[in-house]
S.K.: 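I am attaching a structure below and will ask some questions about it afterwards.
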Amino acid sequence: MESERDEMDGILDGRCVVLTGASRGIGKAIATLFVENGARLVTVARSVGVQAEPGGPVIAIAGSVSDPETAQRCLAATDALGGCDILINAAGVFPTATLAEIDDAHAASVMDTNFHGVLNFCRTFVPDMARRGGGCVVNVTSLAARAPVPGMSVYAASKAAVEAFSRSIAVEYARNVRINCLAPGPTWTETVEQLAASDTTGAVEQVVGMIPMGRYGEAAEIADAALYLATGKGAAFMTGQSLQVNGGALMA
């Protein structure tokens, strides 16, 4: 009996995907899965973390997602591939700070990557998708956009802003561009693993107690959800939604 993933192999054959935040964590898992399923990727990250080979399925671009010039370079790369079919905004930062610790630099840095980066790539690619006849956007947000987390108020605000922004532009482009959010709960990534190695408070392990399924999510599981939203196989009538993938930590 074929697994669910085996059944989906090749589902992205020939499609051009722009993916931000591809160098690590969830973004890297999405890149791996999408290439396995036949996508041609244009990836962007501050450091190039996905191996690109001449003539291969990945074009890797280094740059800041909030820089309009970075988005324009990605757009030019997709033009050579026939245009962007799918945009996935997975880049993000999540430094912690209590209200008393937040300064202008902290707030600006988080909003710059987490919100302005999404705005930058959406305003570059969504109108182009619409002109070409259609496309799909997946904006990666977070459980924190809806469930308060101490010390992460600016991060939560940035992700909530992305969800509100996504719903608004989903209405504007509903006829031919599907725009949805993917909101992971606590996910075991390289960053969390590093935090766990130095955690003397037990905070990393305590998170498990807040998840009914009793564990962190895996980056590959979040990638599977991104593939579901991106392909339209079962999600063709979805737009302006936020798909919660959090082990039951938030039930709606």
Side-chain angles (χ1 to χ4, degrees), residues 8-93 112-141 162 165-166 169-170 172-173 176-182 219 222-223 226-232:
M8 298 185 81
D9 280 350
I11 199 171
L12 294 175
D13 279 350
R15 296 203 210 181
C16 176
V17 180
V18 173
L19 169 65
T20 73
S23 64
R24 61 183 182 175
I26 291 170
K28 188 173 182 179
I30 291 172
T32 300
L33 179 60
F34 278 44
V35 168
E36 288 175 356
N37 281 274
R40 297 174 298 168
L41 257 62
V42 175
T43 68
V44 58
R46 289 188 182 275
S47 60
V48 176
V50 179
Q51 186 64 38
E53 299 177 1
V58 179
I59 298 172
I61 294 174
S64 169
V65 292
S66 61
D67 183 353
E69 194 269 338
T70 301
Q72 287 299 321
R73 284 193 288 137
C74 290
L75 182 64
T78 65
D79 284 342
L81 300 174
C84 176
D85 299 300
I86 299 165
L87 168 64
I88 301 182
N89 287 303
V93 295
D112 195 44
T113 298
N114 293 2
F115 176 69
H116 291 124
V118 173
L119 168 61
N120 184 32
F121 271 75
C122 283
R123 70 184 175 189
T124 300
F125 282 96
V126 172
D128 188 66
M129 286 179 177
R131 285 192 297 269
R132 293 176 185 272
C136 170
V137 178
V138 179
N139 291 326
V140 179
T141 59
V162 171
F165 170 72
S166 300
I169 63 172
E172 292 180 30
Y173 288 91
N176 54 10
V177 181
R178 293 186 303 107
I179 302 168
N180 292 292
C181 291
L182 172 58
I222 309 304
L227 183 64
Y228 164 73
L229 288 174
T231 61

S.K.: Who are the salt bridge (Lys or Arg N to Asp or Glu O under 4.0 Å) partners of D85, not counting sequence neighbours?
M.R.: none

S.K.: Keeping R73 on the side-chain end and A62 on the backbone end, is there a donor-acceptor pair under 3.5 Å?
M.R.: yes

S.K.: Could you measure the distance from the CG atom of L119 to the CZ atom of F165? Nearest 0.5 Å is fine.
M.R.: 4.5 Å

S.K.: Taking C-beta and beyond as the side chain, do I88 and V18 meet within less than 4.5 Å on heavy atoms?
M.R.: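 A side-chain contact is absent here, since even the closest heavy-atom pair is not under 4.5 Å.
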
S.K.: Could you go through V138 and N89, starting from their C-alpha distance and side-chain angles, then the distance that decides it, and tell me whether this counts as side chain to side chain contact (heavy atoms under 4.5 Å, CB included)?
M.R.: CA-CA 6 Å; V138 179; N89 287 303; over 6 Å; no

S.K.: Within the 4.5 Å heavy-atom criterion, are L12 and I86 side-chain neighbours or not?
M.R.: yes

S.K.: Which side-chain hydrogen bond (donor to acceptor under 3.5 Å, both in side chains) pairs, counting each pair once, include a residue from residues 115-125, with sequence neighbours left out?
M.R.: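 As it turns out, there is no side-chain hydrogen bond (donor to acceptor under 3.5 Å, both in side chains) pair with a partner in residues 115-125 once direct neighbours are skipped.
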
S.K.: Any non-hydrogen side-chain atom of I59 less than 4.5 Å from a side-chain atom of T78?
M.R.: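 They are not in side-chain contact.
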
S.K.: Under the salt bridge (charged side-chain N to carboxylate O under 4.0 Å, His left out) criterion, do R40 and D13 qualify, and how do the steps go?
M.R.: CA-CA 8 Å; R40 297 174 298 168; D13 279 350; over 6 Å; no

S.K.: Could you check whether any side-chain N or O of T20 sits under 3.5 Å from a backbone N or O of A90, counting only pairs where one atom can act as donor and the other as acceptor?
M.R.: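 Indeed, once roles are kept as given, a pair shorter than 3.5 Å links the two residues.
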
S.K.: Identify, with sequence neighbours excluded, every residue that meets side-chain contact (heavy atoms from CB on, under 4.5 Å) alongside A130.
M.R.: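 A130: side-chain contact (heavy atoms from CB on, under 4.5 Å) contacts with Y173, N176, V177.
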
S.K.: Which value, rounded to the nearest 0.5 Å, describes the distance between I222 atom CD1 and I30 atom CD1?
M.R.: 8.5 Å

S.K.: Do I179 and V126 have side chains that approach each other closer than 4.5 Å (heavy atoms only, starting at C-beta)?
M.R.: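 I179 reaches V126 side chain to side chain.
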
S.K.: Quick check for you: to the nearest 0.5 Å, what is the distance between C74 atom SG and F121 atom CZ?
M.R.: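 Separation between the atoms: 4.0 Å.
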
S.K.: Using the test side-chain contact (heavy atoms from CB on, under 4.5 Å), find all partners of D67 that sit at least two apart in sequence or belong to another chain.
M.R.: S64, E69, T70

S.K.: Find out whether L41 and V35 are in side-chain contact, i.e. whether some heavy atom of one side chain is under 4.5 Å from a heavy atom of the other.
M.R.: yes

S.K.: Just to verify, what does N114 make a side chain to side chain donor-acceptor pair (under 3.5 Å) with, not counting sequence neighbours?
M.R.: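 N114: side chain to side chain donor-acceptor pair (under 3.5 Å) contacts with S158.
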
S.K.: How far apart are the C-alpha atoms of V42 and V17, what are their side-chain angles, what is the distance that settles it, and do they pass the side chain to side chain contact (heavy atoms under 4.5 Å, CB included) test?
M.R.: CA-CA 6 Å; V42 175; V17 180; over 6 Å; no

S.K.: Not counting sequence neighbours, which residues clear side-chain contact (heavy atoms from CB on, under 4.5 Å) with T113? List them please.
M.R.: R46, V65, V93

S.K.: How about L75 and C84: do any of their side-chain heavy atoms sit closer than 4.5 Å?
M.R.: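 The answer is no, as the side chains (C-beta and beyond) never meet within the 4.5 Å cut-off.
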
S.K.: What's the separation between atom CG in N139 and atom OG in S166, rounded to the nearest 0.5 Å?
M.R.: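 The OG atom of S166 is 4.0 Å from CG of N139, to the nearest 0.5 Å.
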
S.K.: Can you tell if the side chain of L87 reaches within under 4.5 Å of the side chain of C136, non-hydrogen atoms only?
M.R.: no

S.K.: Taking side chain as C-beta onward, heavy atoms only, is T141 less than 4.5 Å from L182?
M.R.: no

